[in-house]
Amino acid sequence: MMRLKKWAVAGALGAGVVMLWGEAAWAQATEISAEDVQANLDNVFVLVAAVLVIFMQAGFALVEAGLTRAKSVANIMMKNLMDFCAGALAFFAVGYAIAFGSDVSGVVGSSGWFLGDGAFQYGTLTVPVTFIFQVAFAATAATIVSGAMAERTKFRSYFFYSIVISGLIYPIVVHWNWGGGWLSTLSTPFHDFAGSTMVHMTGGVAALMGAMVLGPRLGKYGSDGRPRAIPAHNIPYAVLGTFILLVGWYGFNPGSELAADGAIGGIAVTTTLAAAAGAIAAMIAIWMKSGKPDVAMAANGMLAGLVGITAGTAAVSSIGAIVIGAAAGFIVVAAVLFFDRIRIDDPVGAISVHGVCGAFGTICVGLFATEDSDFWKAGLFYGGGTDQLVSQVIGVAAVGVFVAVTAGLLFLAIKSTVGLRVSQEEELAGLDVFEHGAPGYGPDVTPVLAPTPITDSRATATVPTGASS
Amino acid sequence: MMRLKKWAVAGALGAGVVMLWGEAAWAQATEISAEDVQANLDNVFVLVAAVLVIFMQAGFALVEAGLTRAKSVANIMMKNLMDFCAGALAFFAVGYAIAFGSDVSGVVGSSGWFLGDGAFQYGTLTVPVTFIFQVAFAATAATIVSGAMAERTKFRSYFFYSIVISGLIYPIVVHWNWGGGWLSTLSTPFHDFAGSTMVHMTGGVAALMGAMVLGPRLGKYGSDGRPRAIPAHNIPYAVLGTFILLVGWYGFNPGSELAADGAIGGIAVTTTLAAAAGAIAAMIAIWMKSGKPDVAMAANGMLAGLVGITAGTAAVSSIGAIVIGAAAGFIVVAAVLFFDRIRIDDPVGAISVHGVCGAFGTICVGLFATEDSDFWKAGLFYGGGTDQLVSQVIGVAAVGVFVAVTAGLLFLAIKSTVGLRVSQEEELAGLDVFEHGAPGYGPDVTPVLAPTPITDSRATATVPTGASS
Amino acid sequence: MMRLKKWAVAGALGAGVVMLWGEAAWAQATEISAEDVQANLDNVFVLVAAVLVIFMQAGFALVEAGLTRAKSVANIMMKNLMDFCAGALAFFAVGYAIAFGSDVSGVVGSSGWFLGDGAFQYGTLTVPVTFIFQVAFAATAATIVSGAMAERTKFRSYFFYSIVISGLIYPIVVHWNWGGGWLSTLSTPFHDFAGSTMVHMTGGVAALMGAMVLGPRLGKYGSDGRPRAIPAHNIPYAVLGTFILLVGWYGFNPGSELAADGAIGGIAVTTTLAAAAGAIAAMIAIWMKSGKPDVAMAANGMLAGLVGITAGTAAVSSIGAIVIGAAAGFIVVAAVLFFDRIRIDDPVGAISVHGVCGAFGTICVGLFATEDSDFWKAGLFYGGGTDQLVSQVIGVAAVGVFVAVTAGLLFLAIKSTVGLRVSQEEELAGLDVFEHGAPGYGPDVTPVLAPTPITDSRATATVPTGASS
Amino acid sequence: MIKLVTAVIKPHMLEPVKEGLKSAGVQGVTVTEVNGFGRQGGHTETYRGAEYSVDLIPKLKVEVLCSIDDAERIVDVMRKCAHTGKIGDGKVWVVDVDRLMRVRTGEMGDDAV
Amino acid sequence: MIKLVTAVIKPHMLEPVKEGLKSAGVQGVTVTEVNGFGRQGGHTETYRGAEYSVDLIPKLKVEVLCSIDDAERIVDVMRKCAHTGKIGDGKVWVVDVDRLMRVRTGEMGDDAV
Amino acid sequence: MIKLVTAVIKPHMLEPVKEGLKSAGVQGVTVTEVNGFGRQGGHTETYRGAEYSVDLIPKLKVEVLCSIDDAERIVDVMRKCAHTGKIGDGKVWVVDVDRLMRVRTGEMGDDAV
Ligand SMILES: Nc1ncnc2c1ncn2[C@@H]1O[C@H](COP(=O)(O)OP(=O)(O)O)[C@@H](O)[C@H]1O
Ligand SMILES: Nc1ncnc2c1ncn2[C@@H]1O[C@H](COP(=O)(O)OP(=O)(O)O)[C@@H](O)[C@H]1O
Ligand SMILES: Nc1ncnc2c1ncn2[C@@H]1O[C@H](COP(=O)(O)OP(=O)(O)O)[C@@H](O)[C@H]1O
């Protein structure tokens, strides 16, 4: 924001920074070419998309906070805050190198540690813009888990898990496909445009393992073993969070084009239609099941539609998007009820939304892709045979197994060392006071009376000296 | 997000998708021209603007939730969620074709059903980008109504209304002007840059009809017929929603330029100044009236300023914007008090903000437009005579009558079939439990004690098997 | 949003508006050059960045509302709303001219009043886009103060302060550096890329003066003089606000490049890493101090990291950013505890976050800048000697003293005329009812029963005539 | 001697009860939000497809301290003003008060009412 | 004659107490959210580095109006069902009720229970 | 014999009252958020230009079970500690308790206090 008289100097600045980042190919000269401008545009577009994806952190935090209980609300906000922070540093330090560094046997990457030498750069994007988009994705994968483990997990254990998934598990999965690993070199390469599997199913499967290792919340199952409703404490948070996630998804999907080209509009359209169809389908499904259009389920349905379209967003038609979204909306309702019944307590439906619909959406590419392209083959329903479908199933299965095993071992290891779950007393009282020192809602909001300070208990009526006006 | 070595391939991908959308004019070749890049930039800009407009859904939801009561808060969030979903699908299926399809007698469009053949495309924008911006507008028009009908409308009836306005009423209005219909072919064409009339007044008039057909909330009027205050349950939601709407308006107004050209900055400035002036004017007005700077009114004032500037945002000067915004701020306070007095119960002020200020702002183009352009004539106050003013009045009147009649008939039809209003018992108890099954705030937030599950009532103390750590 | 067949016409429109704004250099012709497109891209980028910065208003409002008590929540939302409105109009009228107008003795600017003749324009940006970005910054500086003065300041006095800082104090400070004043013409010019000093420390020092002149809240200090905790009323608001501020910072820092060039990605990366490091460091610091990872402190820590990196975001390396962010995270905890101890009551930590970390971050440029550039010299730790460091200290000291004196005098003047602080009775009851007429949370949320209207007290059971369906 | 008349009523009957008490010359009332469980039963809610029963229903408790002579009349007022005739209308009961004092003045007994 | 049995209990013991009362034939209960201060002591919270003690602990007050014959039994039920054996379990006490009326019907005394 | 001393006080006087009771040797208190209507009157609020009166003012109800010998002293403590001298200070009253039991131990009467 320096006052400059000549634009060319800003160009020089750009060039300087570019060289700092080890790349000078598109440096701006005084004579600027259309290619240079397109490159700048690509970078701006992907940076804005990354910001939208980062905004999704707020959406996740609100959905999870809204659908759980007031007594642990500060804890869940903190977990979402720290997911992003721990995720960003871990992905910067090692995750990015593992995901996108030079390939070792198709399994892991191995260059660009700490964004240093050999750090990956995509197309016209600079290294830092490539990184910022990817780090936003890593934080998303991590944050999915916190909802499923809500209201009963030790904060320090969660924090540790969060570092490992962002720095290790997620990067390996990403390497297999986007990082040039074995899934991308199948004869018909696995196709997951924006991460139905890479991001969402990875998060969802880790969430499943976490919820299983933890066990259900106290009081979630009666002595007869049947599930009990533990109602949401704040539906407005949950719906606001869902809207924010919808908005963020316009960074998530169109941004994954990684260039400001003609495809981004179509991607935004399939994203919109699937979201809408998902919410409506889930609303109808739960309406039929329990006689009322449940709000939390409808919100889950929108997210299910979005997760479902994420893999095929660039490959399917508008009608295909609606069908995928609607199916995901139905599936998420069935999945939520199913996990409830088999005693896996997922307070926010993360396993169903991200895990189940992530897998479903990925497989849908093999069914609904409209025609062959450089990146995918036409799907079964469009006469393309089963080539793509088989690759999709392989990818889903491989990632599912890998994440289930690694995340499962991680949670078991934590459980048998520092412990994963808080004490019964703490869980009954809520995590906020025990884990973080104070409740998430003050004494003037929840029905607890005003606290007494340790130091002095008669001060309420004391008037400070400066208090006149 | 595939790993590619050559940018040209991404270009090819863009081209592929473009062809899918039936347009190849600006497809990227390896040799890219400045025109191509500008086209890409236009598309990116309008897509980002569309995302901001979609974010407004969250703003509307929060303003409406905040200004009504806690006992129906889940219902109002759900209505806003479903507005968007139903609106998107209805507008995709038929609305876009009616609004922008090939013109029939200046009254309706008739091509591009389901975004198929003959779907409209604007300037350098692709079909999907043109659509995504328009669908965001359609959802906005629909969602305005929910606030005025809050706390007493059957959900299923509202859902049905929502489909009709997004799919039919709003598209017809849009066709008249933006779709190339009769308002755009007047000798001095009607000018409504970003939708003071098309979007806001349409929503506001439908809101008026809805509130009239419904009647006021129980207890809103005393036995003496005088209005009673029913205070907002959450001012922070209302102000947060207002800020989100302000942010969204930077997509709404500058985005309506539909190209990334030199006009967007000036539009953003008039938008900002009108918003600020509107809030301050409304604050002063209510301060004079009731002795206190009411927060909900100041927030309404900012929205009034924004609605007011929307028609003339590209045509008026900075000072003009401040005058229009301030006037709208005063008008909204008078209008809210007026509708209250004549027994039309609009809990959030939607009729006043969107209906009254929408009409006012549209007419202001005929007064404040600074000079002739290709799209408008200078206004009365700038020596341009009454040509533009007359066209503005014609447009406002025509849209007002059309929407009043069609929306009025729609609500009456719903009322006399499935019914529009919930039962007294339900209204007293709040809509959340009756309409959606559970309250919007959980038992740990509102002063109701913990619920007992149907299946088993002794489970509170039961510890699930997995509960150790 | 007019239906046009030819893109060239939109270009002409752009040109028209450009001329209105007194600049035609980059007007679009039918033949468009790469330079023209780059200029359009720069304008789009900076406009989007400005929108993100404006969104920060919502973030500030939520952080401040969350960390204070429920009984004054409407007041704090209103202050944030009006900050923006008063700030926008004051900065438009005189602030922009003082900050960026033609220089008078290196101290103030003097042209472009009301965005008229001689209004500043930067690089390829149009006047309005330059302005909109700057006005967003001015509103930010103003809004920082409201948190420190929360729960005890008269609304009308605050409103008056808000006009003066946006219209006068902040613009003068800005002129010294970004406006081409004396700080920018030192032999080694002072460097504050995006405003650690200009925006944040200015706000933070004004907050300090406000909090000092006001005195602490009733009950904040016991009769033994030791501070008492007054817990936050809503941690979810505070964390949501922090996420929104994080998102807004991607406009604040990268946008300050004021061009869509290759530097923006690197800036986004240092911003991200410092934010993450700040949150984690503050969490660790408070964990060590009080045995628990306090959520409000961790959120403050993220903001501290962001404020800290803002000056050097383009000049430091990734590792430098992490070190600066982490140090800011530690510092903010120490500073919060320090101000608490010396009886300066800052309910949200604004002085520590913005004042202390703003100064710290500015000085860090003189330590961590990696190499010489056109805008800064390498820092002490990178072998650049103390040249830059000395300039940084001079800038911090000069701005600190200037703001302390002017803001201090302003608050004292207000105190001795209309008064700055509300009455004891009002403070105990909360500001919402006394200052704004009604509570921020309705009777159905806080434990107060339903109110009786003045006009009639038996109406609850009255059914309005239109109430059947 | 002093009596304490307590009523548990439906929340939306507070206005009529307050009016009734005022007309009967009562100058002070203390109101508490309570939850009642009784013949009225509760209702069923559903959340994410699971049913649960809410058997505690919001009620208000209205307490009036009065002199022994007024107690009967106040019970009557409660009865009339809180009455809807539908199940769940609540109870009114009277308890003897040993001593009563007004904090502000220290007045005792009937003077403190 | 009518008695009012009042218990202050731990919030999570409400379910067992409700069940116990139902089994004992009690048809109506009024529950209030209260805060208790007692031997149990409170706990310390920390906010932004400052400690403060919370010495009021959430409890529930359960009130049952019953005929004199049932009072003993109800006290017993409370005792058994609210019992955890840990400090803070609360109190049960009984007060004489002078008069009792059901608002809906005007029934008095035992009929009104 | 046991007495129940009940006070309705201004919310911000809870701290002094608690301190006073502690000094007087009281070991347990139950506090309830209530709303009072009395001579103090309410106040007027305005929302979107319409006035409405709020005549229920937040108060706290403080209940202390004590032995008959302590009752007088506790009433006195309430009186002194809750006193501001301004209207709305509230009431203190005493009711006889028939039986008292500590849930944890089953102790009765004075032992249960
Ligand atoms: N035995 C009782 N003890 C205490 N409170 C009772 C008792 N019976 C009823 N109540 C209170 O009175 C309310 C209304 O009682 P209910 O049995 O539902 O209706 P009704 O009084 O019309 O027969 C209950 O919700 C409860 O608060
Ligand atoms: N003297 C008393 N008067 C009123 N309430 C009391 C009294 N003593 C205890 N209580 C209530 O009973 C609850 C439990 O008492 P406490 O002394 O903590 O444990 P315990 O009853 O197990 O000894 C307290 O929180 C308070 O609500
Ligand atoms: N007759 C009464 N019965 C029950 N509560 C009362 C009665 N009179 C007063 N109160 C309670 O005492 C509070 C203070 O009483 P008020 O008449 O306002 O002041 P004061 O006690 O100073 O004359 C009231 O808000 C109410 O809660």
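Excluded from the calculations below are hydrogen atoms, water molecules and symmetry mates; all remaining heavy atoms, backbone and side chain alike, are included.
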Tell me, side chain or backbone of B:Ile280 under 4.5 Å from chain C's heavy atoms, or both, or neither?
both
Measuring heavy-atom distances to chain B, does C:Val433 have an atom under 4.5 Å in its side chain, in its backbone, in both, or in neither?
backbone
So which part of B:Phe55 gets closer than 4.5 Å to some heavy atom of chain C, the side chain, the backbone, both or neither?
side chain
Using heavy-atom distances under 4.5 Å, tell me whether B:Ile230 contacts chain C through its side chain, its backbone, both, or neither.
neither
Can a cation-pi geometry be assigned to B:Arg226 and B:Tyr221, taking NZ or CZ under 6.0 Å from the six-membered ring centre and within 45° of the ring axis?
no
Which value, rounded to the nearest 0.5 Å, describes the distance between C:Phe155 atom CZ and C:Asp432 atom CG?
12.0 Å
Quick one: which of B:Pro236, B:Ala298, B:Ala34, B:Ala232 has the most heavy-atom pairs under 4.5 Å with chain C, could you say?
B:Pro236
For chain B, which candidate among C:Phe434, C:Tyr237, C:Phe131 shows the most heavy-atom pairs at distances under 4.5 Å?
C:Tyr237
For C:Leu62, which atoms come within 4.5 Å of any heavy atom of chain B: side chain, backbone, both, or neither?
side chain
Proximal component of C:Ala65, with respect to chain B [non-hydrogen, under 4.5 Å]
neither
Less than 4.5 Å to any heavy atom of chain C: does that hold for the side chain of B:Ile414, its backbone, both, or neither?
neither
Establish, yes or no, whether a centroid distance under 6.0 Å links the rings of C:Tyr441 and C:His233.
yes
Mind ranking C:Ile132, C:Ile244, C:Val129 by heavy-atom pairs under 4.5 Å with chain B and telling me who comes out on top?
C:Ile132
Counting only non-hydrogen atoms closer than 4.5 Å, does C:Phe114 touch chain B with its backbone (N, CA, C, O), its side chain (CB onward), both, or neither?
side chain
Can you tell me how the ring of B:Phe137 sits relative to the ring of B:Phe133, calling it parallel under 30°, perpendicular over 60° and tilted otherwise?
tilted
Please determine if B:Arg421 and B:Glu427 form a salt bridge, counting it only when a charged side-chain N lies under 4.0 Å from a carboxylate O.
yes
Do the side chain of C:Gln38 and the main chain of C:Ala260 share a donor and acceptor less than 3.5 angstrom apart?
yes
Side-chain donor/acceptor of B:Glu35 to backbone N/O of B:Ala39, under 3.5 Å:
no
Heavy-atom contact with chain C under 4.5 Å, split by part of B:Met198
neither
C:Ala438 versus chain B, the contacting section by heavy-atom distance below 4.5 Å:
neither
With a 4.5 angstrom heavy-atom cut-off, is it the side chain or the backbone of C:Leu47 that approaches chain B, or both, or neither?
side chain
Per-residue contact mode, B:Ala268 against chain C (heavy atom under 4.5 angstrom)
both
Which residue is it: B:Val247, B:Leu245, B:Val239? I am looking for the one with a side chain to side chain contact (heavy atoms under 4.5 Å, CB included) to B:Phe243.
B:Val239
Just give me the residue among B:Ala276, B:Pro189, B:Ala296, B:Ser33 that pairs up with chain C most often, heavy atom to heavy atom, under 4.5 Å.
B:Ala276
Value for CG (B:Leu420) from CG (B:Leu214), rounded to nearest 0.5 Å, stands at 4.5 Å
Check whether B:Ile286 gets within reach of chain C through its side chain, its backbone, both or neither, counting any heavy atom under 4.5 Å.
neither
Of the backbone (N, CA, C, O) and the side chain (C-beta and beyond), which part of C:Ile76 lies under 4.5 Å from a heavy atom of chain B, both, or neither?
neither
Where on B:Met302 is there a heavy atom nearer than 4.5 Å to chain C: the side chain, the backbone, both, or neither?
side chain
At a heavy-atom separation under 4.5 Å, does B:Val48 approach chain C through its side chain, its backbone, both, or neither?
side chain
